[in-house]
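Below is one structure, written out as structure tokens; comments come after it.
Below, read A as the first sequence line, B as the second, and so on, with proteins coming before strands; counting in each chain starts at 1.
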There are 2 protein chains.
Amino acid sequence: MKRTTIKDIAQQLGINPSTVSRALKDHPDIGLALRTEIKKLADQLHYRPNHMAVYLRQQSSRLIGLIIPEVTMFFYPSVIKGIQNVLHDGGYNLIMLPSNESLEREIENIHICSENDVAGIMLAFSRYRHTAEHLSALEEIGAPVVMFDKIIDDLPYDAIVLEDFQSAYVAVKHLISTGCKRIAGIFGNQELRITQLRLEGFRQAITDSGLIYNEADVYFADSSFEAEQSAGSMMAKSPPPDGIFAMTDEIIIGSLPSIVRSGKKIPEECSVICISDGFLPYCLYPKVTFLHHDGYEVGKLAAQRMLQLIETGQFTGENYKGEVTMLKPLLIELDTTRKVENVEG
Amino acid sequence: MKRTTIKDIAQQLGINPSTVSRALKDHPDIGLALRTEIKKLADQLHYRPNHMAVYLRQQSSRLIGLIIPEVTMFFYPSVIKGIQNVLHDGGYNLIMLPSNESLEREIENIHICSENDVAGIMLAFSRYRHTAEHLSALEEIGAPVVMFDKIIDDLPYDAIVLEDFQSAYVAVKHLISTGCKRIAGIFGNQELRITQLRLEGFRQAITDSGLIYNEADVYFADSSFEAEQSAGSMMAKSPPPDGIFAMTDEIIIGSLPSIVRSGKKIPEECSVICISDGFLPYCLYPKVTFLHHDGYEVGKLAAQRMLQLIETGQFTGENYKGEVTMLKPLLIELDTTRKVENVEG
DNA sequence: TTACCAACAACAAACGTTTGCGCAATTGGT
DNA sequence: ACCAATTGCGCAAACGTTTGTTGTTGGTAA
């Protein structure tokens, strides 16, 4: 059950493969009569071009490598969806390369991209320190690179990221505006740039408001389960904080149940806010106000940038430094009963 | 910045490309001295084989097409992880082809698989009725197909699925064993085979236990938000049910907040159980007992089956009918305060 | 008539690999 | 010192396309 090729069609019609190739792409050199005949036969035989052969000949594939730290249920599904929708319309296909949070695997994935001659690489880095080998491997590929979400500074590649500092800052400011006096925060892995930035925004918002920043109210959790632990010990303090900032969906889903279990009324006794992709906060109990970090949008923009780079070819050259696009978060208030109202009421 | 090829190496050494090719794969025909010299140079030039060319020559790619209805945060991330881990170890790469729940796109995805000459297709169907065109496209490819999760009966392909009927049956039986007298269920899209099977298990468990099956206590929801609505109207009834079965993670995350909001004590006044991938039930408040439907395991098994089929080539021929593997669910009890204990206590 | 130009299609090379075959040089056994 | 077997490597074809060049018609204009 061999696939039908251009050769097969040519043979059956007693003509040359090149004629078939041209006919199928409506090259004017081929007469209309023959052209339609060829197309008819191609249809009958269910001819489909062999992309491998096309790639080889044209020295350019229509495959894009997607390297992400890990396939989790948070954030990445919507990013992938955004990327996929754009790339598909551009005629490109995605090859999935999760690094399982391993540096070694990340490098391997870059090599796989190279071996498959991808037209471009979309990249979110794993949480570990990155080596020179890493980056040189990336350079050698000669394909455009677009980073997103977890990026490394000072790399000459385009990037789409969310405003981490600003999001945390706005979130905490919002908590304070609703009357919170002592705010605790639960953060992700400390090594990550996004953690550091969000922590900085958190701190800044507190000190800017004349409140006291206390390191004892800052927690780090590498998973939802750790977040649950953190929230537990947080609420066990006396007094517990009256405002809580959760850095991500992964954090909020782990910690919210703990907070609820503590018995404190939310948001009357303890306000909770998080940064989220925009789905969970609607589903959780109680509903939580959040800063919308739109993964779909990140994916969409990253993919669009990628297509642009491929088309224009403007990603190469010594002087290309890359451009970082920052997405502004949007505050979505779901807990309408705010403490300031309580105070006034 | 052209990639270095075998030709380049051959030229620099003044030898034939075939010699280089053989040397790089340790063919004994090539002398040890030359062999190591070639390898050294290949290393220096950062040679990486061009998979496209290899595929073309060998008439077999190491790409696997993954077609899923949609990239959601539920179930599929862990399935993908399972698939990916196995395939990677087997030296295969995944090309992601979400169908966005569109039949047309699903067919297109099959064609993309064909064009890219994939070594195999891993397939979860979209929710819509499937056409003959669909299936014939699949047949023509000449590559093994492994279905998972959302499958179609009577197709001559292997499949890995979860025991839908059984899971629902066991779940509901468990509710009843803890003392529930009137059990409601929230289900997904009615068109889906898994919905029908789980509904059937639900019904059967109720009637088998001598309780009354009431269609008014059965709800269908296409999303978490619809599930929230359903749970709302469910709890608004008087009396509300004292046991609730949620068909999936997507359903439970939408409905649980609604149930909690109703004010009923869980599980004392109203027990909740669901079928889940195994993550959410630990995170939600309150923790919910569930039947573990392990997406990771599904992915792993499906991928292993795929590798097997590729290796043995035993997927073709008129008489091959495919084999359906059923995964047994595991009951995980998280709400330790059970009603029967209350009754006794 | 000659020359010219479309129009159409065949030819052949090329992309980077792999691989069957062949050929020379070396080895070993008599 | 001769044949046979072995070693080590080159040659060339092939995978399915694309594409620049060449060739063959038939027709039109000079």
Should D294(A) and K300(A) be marked as a salt bridge (charged side-chain N to carboxylate O under 4.0 Å, His left out) after you check the CA-CA gap, both sets of side-chain angles, and the distance that decides it? CA-CA 10 Å; D294(A) 195 337; K300(A) 210 179 92 184; over 6 Å; no
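- Nucleotide dT17(D) holds its P atom 13 Å from the CD atom of Q11(A), rounded to whole Å.
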Pair up each side-chain donor or acceptor in residues 80-87 of chain A with any protein partner under 3.5 Å, not counting sequence neighbours, and list the distances.
residue : atom : partner : partner atom : Å
K81(A)  : NZ   : E70(B)  : OE2          : 2.9
N85(A)  : OD1  : N100(B) : ND2          : 3.0
N85(A)  : ND2  : Y296(A) : OH           : 3.0

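- For the pair H27(B) NE2 and dT7(D) P, the interatomic distance rounds to 12 Å; values are reported in whole Å.
- Side-chain N/O atoms of N16(A) include one lying less than 4.0 angstrom from OP1 or OP2 on dC11(C).
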Got a list of protein N/O to nucleotides 14-16 of chain D N/O distances below 3.5 Å?
residue : atom : partner : partner atom : Å
dA14(D) : N3   : R57(B)  : NH1          : 3.2
dC15(D) : OP2  : K7(A)   : NZ           : 2.9
dC15(D) : O3'  : Q59(B)  : OE1          : 3.4
dC15(D) : O3'  : Q59(B)  : NE2          : 3.0
dC15(D) : O2   : R57(B)  : N            : 3.1
dG16(D) : OP1  : Q59(B)  : NE2          : 3.0
dG16(D) : N2   : A53(A)  : O            : 3.4

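- When the ring pair (Phe, Tyr, Trp, His ring centres under 6.0 Å) test is applied to F75(A), no partner is found at least two apart in sequence or on another chain.
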All N/O contacts under 3.5 Å from nucleotides 20-28 of chain D to the protein, with atom names and distances to one decimal?
residue : atom : partner : partner atom : Å
dG20(D) : O6   : R22(A)  : NH2          : 2.1

Result block: side-chain N/O donor-acceptor pairs under 3.5 angstrom for residues 39-47 of chain B, not counting sequence neighbours:
residue : atom : partner : partner atom : Å
K39(B)  : NZ   : D26(B)  : OD1          : 2.8
K39(B)  : NZ   : D26(B)  : OD2          : 3.2
H46(B)  : ND1  : E140(A) : OE2          : 3.2

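- In this structure D158(B) satisfies the salt bridge (Lys or Arg N to Asp or Glu O under 4.0 Å) test together with R305(B), sequence neighbours excluded.
- With sequence neighbours excluded, the residues satisfying side-chain hydrogen bond (donor to acceptor under 3.5 Å, both in side chains) with E115(B) are R48(A), H51(A).
- Looking at residues two or more places apart in sequence or on another chain, you find no salt bridge (Lys or Arg N to Asp or Glu O under 4.0 Å) involving E108(A).
- Residues in residues 58-67 of chain A take part in no side chain to side chain donor-acceptor pair (under 3.5 Å) pair, two or more places apart or across chains.
- With no hydrogens or angles considered, a side-chain donor-acceptor pair links S126(A) and E106(A) at under 3.5 Å.
- Nucleotide dT7(D) holds its P atom 13 Å from the CD1 atom of I30(B), rounded to whole Å.
- Considering only side-chain N and O atoms, T19(A) lies under 4.0 angstrom from the phosphate OP1 or OP2 of dA10(C).
- Shown here are the salt bridge (Lys or Arg N to Asp or Glu O under 4.0 Å) partners of D8(B), two or more places apart in sequence or in another chain: K2(B).
- Applying the ring pair (Phe, Tyr, Trp, His ring centres under 6.0 Å) test to H88(B) and every residue at least two apart in sequence or in another chain returns nothing.
- Shown for residues 110-120 of chain B: no residue has heavy atoms falling under 4.0 angstrom of DNA chain D.
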